[in-house]
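No hydrogens, no waters, no symmetry mates; every other heavy atom, side chains included, goes into these values. What you are looking at is a predicted structure, and each value in this text was computed from that prediction instead of being measured. Proteins get letters first, then strands, A, B, ... in listed order; numbering begins at 1 in each.
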Amino acid sequence: MKLVVETLLREALNGLGSAQTTLDGVTIAVERTRDLAHGHFASNVAMQLAKPLRKSPRDIAKLIIDQLPASELLEKTAIAGPGFINFYLTDAAFHQELLRIRSSGAAYGHNDNGKDQRVLLEFVSANPTGPLHVGHGRHAAYGACVANLLSANGFEVRKEYYVNDAGRQMDILGLSTWLRLLEQAGNSLSFPSGAYRGNYILDIAAALQQQQPELSELPAALFTDLPADGPDGNADEHLDALIANANESLGSERFRGVIEFALNSILDDIKDDLGEFGVSYDEWFSEKSLSDDGAVQKALTLLASNNVTYEKEGAVWFRATDYDDEKDRVVVRDNGRTTYFASDIAYHLNKVDRGFNKLIDIWGSDHHGYVPRVRAGMDAMGQPSEILEVDLVQFVVLFRGSEKVQMSTRSGEFITLRELRQEVGDDAARLFFVMRSNEQHLEFDLDLAKSKSNENPVYYLQYAHARIASVFRELNSQSLGYDEALGIEQLSRLNAGQEKTLLVRLSQFPEMVELAARQKAPQHIVHYLKDVAQDFHAWYNACLFLEDEAELRNARLFLAQQTAQVMRNGLTLLGVSAPDSM
RNA sequence: GCCUCGGUAGCUCAGUGGAUAGAGCGUCCGCCUCCUAAGCGGAGGGUCGCAGGUUCGAUUCCUGCCCGGGGCACCA
């Protein structure tokens, strides 16, 4: 739609001969007006040309308007304010757009801006040491929406979950599980303060005991020679010694078996949870696989051959300060184990090797200091770090009415994503999570999300769609029938103010899809759909759809049908259902 | 101290350098003999944190300051 005006304007500017040379630095901005009194679109090009042409904006605007070619889509133009050129389009222009909605259907609003661009989108990637909590839900909802938006803009998107299945946390997970199993078998022991205390460990332990009852016997040596646990002693040292003892008494192969069992239980749970939430992945990428197949070593070798590593205090360091990071980073610890960071640069090297044009990582805002480090690693390996985009998601704070809900992973008493979904439903959770900018702290009101009232934005949007479906049901029950061809023929009958407003609104959808994808900002779609719903509800209250007169009735039904299509397309992008009845 | 996100109506927040800064909730007043009142119409409510700068034009961009969230590991 916007293209219509841009094309006309460009032709006019070309006809403006003398201005030609000065056009270079000027961007031809055509924008929707905020107020329909100013027309449908406006351009500030005359004001931009004022300086180079040494003429007043209004005079330039007049020159441009004189050069505008005639078009049946353009009703009139006007010069306004300091020198805006306002464009008023004809009804026919909007009727034409309505037909485009009809013919494009579910693809209306989509474009091919991202043609031939391959994107790897990595999101959530929560540690598989426990169930997903509410914050991960926001990451999941946001990431899935960004994927939908990019796909709608023609990008080829691959969604990936990086599974942190390596490192000390896996040992702690295995130890926690085994100790709980031992407790459940009747042994009394002192559970370490640094181990995972969540209730889900109890369930995993019980399932493991069922499968391997021989793990139930407490080895005499397990709790011997341990440094004191915290808070008086050192919780970390205590835990590490205990892990070493467990490895010893169980044998590393059987201990690894316990870890794998717990890991797979948790991972299955995460997959189910996200699947039910409507968030799917193309790949679950194992961190452990990077060290198993030599990718980490390859990355370290690459860094070494580029002379950006050195040894200090028994560890191997990456000279990140040469690449705009604030300090150098350890890649191999003094105990010989590689760091998480080493895996991560190997992972990004692997992503580049897979031939993507764009890498998008969605991380918690608490990881923002990590961004320059990864970029530094990519630069040092000779990789194009500019294809990496990191989007940060701020925290979620839960409220019940005006009361803040406490969440603490420490005590294991956090609200899981599953609990949240059960309480408020998947649709409400998906919408609430993307309603605000990802860079904004989110206050999530549980009471509001589950209230079945007009206060709840989820219902407001869905209700608009359901109302339209209801009209068509009522139509059938009154055996009136719907003649689409007649409706299309009679679109000029749509003269009510609410109808004109809605026609204009619907035509904005493709621009919103483009904007939301460019900014990776799904909240634009939410706000837009609220506007569509509001325009529709206003129309619904002002005009009767099931008019006796067939011409008007069918024209209105056609507009209602296309409104439902746009609502459906928008809700689909958000991962929210568009019900026919509520 | 450094990095980062924010400060817009009573509350929660939109706002892609433009015209009279918006929405929802809350408050107040109205609207169902008709397609779902899970809806609609109206009223009230603002020094866009403060001070400079760039610009024809700044809530928007830049700088400084004030206030708040978060982060600054040989954890992942």
Pairs under 3.5 angstrom, nitrogen or oxygen only, protein versus nucleotides 56-60 of chain B, please.
| residue | atom | partner | partner atom | Å |
| --- | --- | --- | --- | --- |
| B/C56 | OP1 | A/Lys51 | NZ | 2.7 |

*Using a 90° cut-off around 0 for syn, call B/C32 syn or anti.*
syn

*For the side chain of A/Asn541, counting heavy atoms from C-beta on, which of B/C40, B/G15, B/G71 is nearest?*
B/C40

*Of the nucleotides B/A76, B/G71, B/A37, which has the atom closest to the A/His368 side chain?*
B/G71

*Look at all strands and tell whether A/Glu443 reaches a base, only sugar-phosphate, or nothing, counting heavy atoms closer than 4.0 Å.*
sugar-phosphate

_Proximal nucleotide (of B/A14, B/A38, B/C35) relative to the A/Arg436 side chain_ = B/A14

*asked:* What's A/Ala315 touching, base or sugar-phosphate or nothing? Going by heavy atoms closer than 4.0 Å.
replied: base

*Taking 4.0 angstrom as the limit, do A/Asp59 and A/Lys55 come out as a salt bridge?*
no

_Once you apply a heavy-atom cut-off of 4.0 Å, does A/Ala542 come out as touching a base, just sugar-phosphate, or nothing?_
nothing

*Are the charged groups of A/Arg400 and A/Glu423 less than 4.0 angstrom apart, N to O?*
yes

*Using the P atoms only, state how far B/G26 lies from B/C66, rounded to an integer number of Å.*
39 Å

*Is a salt bridge present between A/Glu549 and A/Arg553, judged by a nitrogen-to-oxygen distance below 4.0 Å?*
no

*asked:* Base, sugar-phosphate or nothing for A/His367? Non-hydrogen atoms, less than 4.0 Å.
replied: base

*B/C11 to B/G53 separation - C1' atoms, rounded to the nearest Å*: 35 Å

*Whether A/Phe472 and A/Tyr482 hold their rings parallel, tilted or perpendicular, with breakpoints at 30° and 60°*: perpendicular

_Does A/Asp447 reach a base, just sugar-phosphate, or nothing at all? Heavy atoms under 4.0 Å._
nothing

*Measure the distance from CG on A/Asn335 to P on B/C74 and round it to the nearest whole Å.*
13 Å

*Base, sugar-phosphate alone, or nothing: which one does A/Glu326 contact when heavy atoms must sit under 4.0 Å apart?*
sugar-phosphate

*Considering only atom C1', compute the distance from B/A21 to B/U47 and round it to an integer number of Å.*
14 Å

*Would A/Arg430 and A/Asp426 pass as an ion pair if we require N to O under 4.0 Å?*
no

*Could you tell me whether A/Ser437 contacts a base, only the sugar-phosphate backbone, or nothing, with contacts defined as non-hydrogen atoms closer than 4.0 Å?*
sugar-phosphate

_With nearest nucleotide decided by heavy atoms, which residue, A/Ala80 or A/Asp580, maps closer to the 5′ end of RNA chain B?_
A/Ala80

*Out of B/C74, B/C40, B/C35, which nucleotide sits closest to the side chain of A/Leu546?*
B/C35

*Using the P atom on both, measure B/U12 against B/C65 and round to a whole Å.*
27 Å

*When all nucleic acid strands are considered with a 4.0 Å heavy-atom cut-off, which category describes A/Tyr540: base, sugar-phosphate, or nothing?*
base

*Which nucleotide in the list B/C74, B/G24, B/G18 gets nearest to the side chain of A/Glu31?*
B/G18

*Measure from the side-chain heavy atoms of A/Arg467 and tell me the nearest of B/C40, B/A19, B/A37.*
B/A37

*What integer number of Å spans the P atoms of B/U54 and B/G46?*
32 Å

*Sugar-phosphate, base or nothing in reach of A/Asp334, heavy atoms under 4.0 Å*: base

*Provide, to the nearest angstrom, the distance between the NZ atom belonging to A/Lys530 and the C1' atom belonging to B/G24.*
5 Å

*asked:* Heavy atoms within less than 4.0 Å of RNA chain B: which residues of residues 550-560 of chain A have one? Give them sorted by number.
replied: none

*Tell me which of A/Leu515 and A/Gln478 sits closer to the 5' end of RNA chain B, going by the nucleotide each one is nearest to.*
A/Leu515

*Within the stacking criterion (centroid distance below 5.5 Å, interplanar angle below 30°), does A/His38 stack on B/A19?*
yes

*In whole Å, what separates the P atom of B/G49 from that of B/A14?*
14 Å

*Any idea which of B/A14, B/A73, B/A37 is nearest the A/Lys327 side chain?*
B/A73

*Distance in angstrom units between A/Glu313 CD and B/C74 P, rounded*: 10 Å

*Which listed nucleotide (B/U16, B/C74, B/C5) is nearest to the side chain of A/Gln394?*
B/C5

*asked:* Distance check needed: B/A38 P versus A/Tyr460 OH, whole Å only.
replied: 13 Å

*When rounded to the nearest Å, what value does the distance between P atoms of B/U8 and B/C61 take?*
16 Å

*asked:* Looking only at the side chain of A/Phe395 (C-beta and beyond, no hydrogens), which of the listed nucleotides B/C35, B/U12, B/G70 gets closest?
replied: B/G70

*Ring geometry between A/Phe536 and A/Trp539 (parallel below 30°, tilted from 30 to 60°, perpendicular above 60°)*: perpendicular

*ring centroid sep under 5.5 Å plus plane angle under 30, A/Phe84 with B/A19*: yes

*Below 4.0 angstrom, N of the basic side chain to O of the carboxylate: do A/Lys351 and A/Glu160 qualify?*
no

*asked:* Measuring only the P atom in each nucleotide, how far is B/A51 from B/A58? A whole number of Å is fine.
replied: 15 Å

_Quick check with a 6.0 Å cut-off and a 45 degree axis cone: is A/Arg375 positioned over the face of A/Tyr323's six-membered ring?_
no

*Could you state the atom-to-atom distance from CH2 of A/Trp539 to C1' of B/G41 in whole Å?*
18 Å

*With a non-hydrogen cut-off below 4.0 angstrom, is A/Ala166 in contact with a base, only sugar-phosphate, or nothing?*
sugar-phosphate

